[in-house]
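Reminder, nothing fancy here: chain letters follow the sequence lines and each chain counts from 1.
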Amino acid sequence: MCGACRVSVEDDRLAEPSPSEARLLRYLKQGSANNRLACQILLDENLSGLRITPDPLPVRNIQQENAR
Amino acid sequence: MSAVLEDKQAELEGVGPAFTKEQMLSMRAKTRGVIHQIAAAVKPGMVEEDAVAMAKDMLAAKDMVRGWHDVYVRFGANTLKTFGADSDPGVVLKENDIFFIDIGPVWEDWEGDGGDTFVVGDDAEMKKCAADAKALFHTVRHKWESTGMSGKALYEFAVAEAEAMGWELNMDLSGHRLSDFPHAAIYDGPMADVDFKPSPLLWVLEIHIRHKIAGYGAFFEDMLLDDSYFA
């Protein structure tokens, strides 16, 4: 898991995150309590209408930082 | 080289805003360090799933919780499995056995990727298998260093060399880009498909050989770099 698909979800129909997902979510910077990894959500009919909001990781620009 | 091919190479060898040579080399060192740390902790009697969990803990302890691909520690017959395939469950490492490690950690903004094979006990054929994977990696790397061969030609060469050594080369694992995360946004295809000479620091060379009868294989993977980085 790379964390690139981090999203925010407020929906109690989702299963609890696995220990691996929970560990990665804790590790990622600037997150919120509602974060999940989209790649770990197993979609089925019961999740119809699920609303998710992208919460991407911040991207660093080393080349710009070095140019300053 | 034609202008079209030059454009193609420039496109496929692009990098992201966080790319630096120093960070890529640092990531390589971190990756190889953890591979050997994991290998040292793998012991006969261990179940493969427990070794994978241990490997993830070791990566996390080194601040590498993220990975751009999954963590693989494969024991015994599972060393025949190709990239991404599920291992047969519950495989226990025997007293005389072979295992390989393949990790693709992400640390901050940079990707690593590496693999190596290890043998416990004294099975000479298994030791030869592990040694041959590494030897073939360097044979192909030397060919890359000393010629203008394309990625495609290098893997054609690798297939023939593996055959001559008595192994079958798994072409599902045939090299790929590496960069500041995520290289997949630039090019996520195999190095064996490119018609130009891959540039140093931007690609990994993968060698996965398999024994046609004995039921095991070996894997070696590292960044495509010249001899000075392998002293």
Side-chain angles (χ1 to χ4, degrees), chain A, chain B residues 14-27 30-31 34 49-73 83-84 86 102-113 176-186 188 201:
Chain A
M1 288 180 275
C2 66
C5 64
R6 187 175 68 178
V7 295
S8 287
V9 190
E10 288 186 60
D11 196 311
D12 58 12
R13 289 176 293 172
L14 289 185
E16 290 296 309
S18 69
S20 295
E21 182 186 357
R23 175 158 70 180
L24 181 52
L25 288 169
R26 286 195 302 274
Y27 172 82
L28 298 176
K29 297 181 176 79
Q30 298 171 25
S32 76
N34 297 322
N35 280 154
R36 296 298 299 265
L37 300 178
C39 70
Q40 299 300 302
I41 300 173
L42 295 175
L43 295 176
D44 62 30
E45 287 178 357
N46 293 330
L47 293 179
S48 181
L50 183 74
R51 296 175 67 88
I52 64 172
T53 305
D55 191 2
L57 307 180
V59 175
R60 213 170 145 192
N61 192 324
I62 301 284
Q63 285 148 29
Q64 273 185 7
E65 288 174 20
N66 290 343
R68 284 189 195 124
Chain B
V15 297
F19 183 91
T20 69
K21 177 182 178 181
E22 293 73 22
Q23 288 292 357
M24 294 304 294
L25 290 175
S26 170
M27 197 60 210
K30 287 176 193 289
T31 302
V34 175
E49 286 85 342
D50 292 339
V52 172
M54 179 188 73
K56 288 179 179 176
D57 287 345
M58 286 179 167
L59 282 157
K62 298 280 186 185
D63 207 23
M64 290 184 277
V65 176
R66 300 170 67 199
W68 71 268
H69 75 61
D70 212 345
V71 173
Y72 296 100
V73 183
F83 182 80
D86 288 338
D102 179 13
I103 58 173
V106 175
W107 180 77
E108 295 197 355
D109 297 290
W110 301 280
E111 301 172 335
D113 199 6
H176 57 77
R177 274 299 312 275
L178 209 60
S179 188
D180 47 337
F181 177 79
H183 77 264
I186 301 164
D188 68 351
L201 205 68

- Query: How about residues 55-65 of chain B versus chain A: which residues have heavy atoms under 4.5 Å apart?
  - Reply: B/Lys56, B/Asp57, B/Ala60, B/Asp63, B/Val65
- chain A heavy atoms under 4.5 Å from B/Phe181: which part of the residue, side chain, backbone, both or neither? side chain
- At a heavy-atom separation under 4.5 Å, does B/Asp70 approach chain A through its side chain, its backbone, both, or neither? neither
- Task: Determine the minimum heavy-atom distance between A/Cys2 and B/Trp68, stating which atoms define it.
- Result: CB-CA, 4.2 Å
- Task: For A/Arg36, check salt bridge (Lys or Arg N to Asp or Glu O under 4.0 Å) against everything at least two apart and list the hits.
- Result: A/Glu21
- Name the option with the most non-hydrogen atom pairs under 4.5 Å to chain A; the candidates are B/Asp180, B/Val106, B/Asp109. B/Asp109
- Task: Please check if atom CG in B/Asp86 has more than 12 non-hydrogen atoms from other residues, nucleotides or ligands closer than 6.0 Å.
- Result: no
